[in-house]
Amino acid sequence: MDNYFYTLSVYSTAEGRDNWELREAIKPLIDKYKVDLVLQGHDHTYARGFPENKGKGLTVVKDIGTVYAVSVSGPKMYESKDQNWMVRRGEYTQLFQIITVAENSISYGAYTPIGTLYDSFKIIKKNGKKKLINMMPKTPTRLKEDFVKPD
């Protein structure tokens, strides 16, 4: 299949699955145009964060760059590997997102199929700067070991 196009996430949830060619081609444009949020798929797991994750664990991160999110809603699931860019991750968990875009803000919520909030944040833009407010619920990180018994 010579015309088959296959891509991985710009920031993947599994080590070694990042698409460096895509990142090198598109990330300069994402940075140049100060994209607020990049939604990704294909990794069959969940992660959300930003490349310069200096604010890991902070509630408010001032002057944030682009936030990247990878999610899965189907039955196919993979394990993930915790990486520096991640603020929140989850495995073997189907999620859907509700994203509200207003003039100066983006509100993001990731929910389980029964409506339990799993991840949440808000980006607020003011005077050319972006501030991220992490509003993660106290729900524990969902990992494969919580759902699948070892063989």
Side-chain angles (χ1 to χ4, degrees), residues 1-59 61 64-102 105-124 130 132-151:
M1 296 181 87
D2 293 335
N3 294 328
Y4 183 72
F5 180 71
Y6 179 78
T7 185
L8 301 173
S9 299
V10 176
Y11 286 94
S12 177
T13 59
E15 204 167 333
R17 285 182 50 91
D18 287 338
N19 186 325
W20 287 97
E21 293 85 7
L22 178 64
R23 186 180 300 175
E24 288 177 9
I26 201 166
K27 190 166 179 329
L29 293 171
I30 290 169
D31 294 342
K32 177 181 178 179
Y33 292 105
K34 299 179 181 178
V35 174
D36 299 321
L37 176 62
V38 174
L39 303 173
Q40 308 170 103
H42 191 72
D43 274 343
H44 304 279
T45 188
Y46 181 81
R48 186 265 299 181
F50 45 96
E52 297 80 24
N53 190 8
K54 297 174 187 165
K56 189 170 186 178
L58 295 178
T59 302
V61 182
I64 188 77
T66 303
V67 176
Y68 292 81
V70 180
S71 192
V72 59
S73 60
K76 187 176 182 180
M77 302 286 171
Y78 292 155
E79 292 180 64
S80 62
K81 173 123 173 86
D82 198 19
Q83 298 173 62
N84 289 335
W85 72 272
M86 296 176 180
V87 173
R88 182 75 154 151
R89 74 181 178 115
E91 302 171 348
Y92 283 68
T93 300
Q94 295 172 321
L95 295 163
F96 67 91
Q97 287 72 40
I98 297 177
I99 301 168
T100 305
V101 179
S105 67
I106 297 174
S107 297
Y108 174 104
Y111 299 84
T112 67
I114 61 170
T116 303
L117 182 63
Y118 186 72
D119 189 19
S120 180
F121 67 89
K122 186 170 192 170
I123 297 172
I124 300 171
K130 291 187 277 189
L132 179 126
I133 302 170
N134 282 306
M135 300 179 294
M136 287 181 289
K138 298 212 181 291
T139 5
T141 300
R142 298 167 64 105
L143 301 174
K144 177 183 177 183
E145 62 198 34
D146 301 324
F147 302 100
V148 178
K149 296 189 189 291
D151 294 333

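Keep in mind that the numbers below use all heavy atoms, side chains included, and drop hydrogens, waters and symmetry copies.
Between Ile64 and the choices Leu132, Ile133, Ile124, the side-chain contact (heavy atoms from CB on, under 4.5 Å) rule is met once, by Leu132.
Nearest heavy atoms, Trp85 versus Arg48: CZ3-C, 3.9 Å. The nearest pair of heavy atoms linking Val87 to Met136 is CG1-CE, 3.8 Å. Between Ser120 and Pro137, the shortest heavy-atom contact is N-CD, 4.4 Å. Taking every heavy atom of both residues into account, Phe96 and Pro113 meet most closely at CE2-CA, 4.3 Å. Summarising the geometry of Gln94 relative to Pro75, their closest heavy-atom pair is NE2-N, 3.6 Å, with the distance given to 0.1 Å.
A distance-only check finds a donor-acceptor pair linking the side chain of Thr66 to the backbone of Val35 [under 3.5 Å].
In this structure, the side chain to side chain donor-acceptor pair (under 3.5 Å) partners of Ser80, at least two apart in sequence or on a different chain, are Arg89, Glu91. When the side chain to side chain donor-acceptor pair (under 3.5 Å) test is applied to Tyr108, the partners found at least two apart in sequence or on another chain are Tyr46. Every side chain to side chain donor-acceptor pair (under 3.5 Å) that Lys76 has, sequence neighbours left out, goes to Tyr78. Scanning for side chain to side chain donor-acceptor pair (under 3.5 Å) contacts around Lys122 gives an empty result, with sequence neighbours left out. With sequence neighbours left out, the salt bridge (Lys or Arg N to Asp or Glu O under 4.0 Å) criterion links Asp146 to no other residue.
In this structure, the separation between NZ on Lys32 and CD1 on Ile30 is 13.5 Å, given to the nearest 0.5 Å. Atoms CG and CG, on Asp119 and Asn134 in that order, are 7.5 Å from each other to the nearest 0.5 Å. The CD1 atom of Ile123 lies 5.5 Å from the CG atom of Asp36; values are rounded to the nearest 0.5 Å.
Contact annotation: the side chain of Leu117 never approaches that of Thr139 to less than 4.5 Å [non-hydrogen atoms, C-beta and beyond]. Side-chain atoms of Phe121 and Leu37, non-hydrogen and from C-beta on, do get closer than 4.5 Å to each other.
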Test side chain to side chain contact (heavy atoms under 4.5 Å, CB included) on Thr141 and Arg88; report intermediate values, then the result. CA-CA 8 Å; Thr141 300; Arg88 182 75 154 151; 3.4 Å; yes
Between Leu95 and Thr112, is a side chain to side chain contact (heavy atoms under 4.5 Å, CB included) present by the stated rule, with each step listed? CA-CA 5 Å; Leu95 295 163; Thr112 67; 4.1 Å; yes
Which donor-acceptor pairs under 3.5 Å do the side chains of residues 67-74 make with protein atoms, sequence neighbours left out?
unit_1, atom_1, unit_2, atom_2, d
Ser71, OG, Gln97, NE2, 2.9

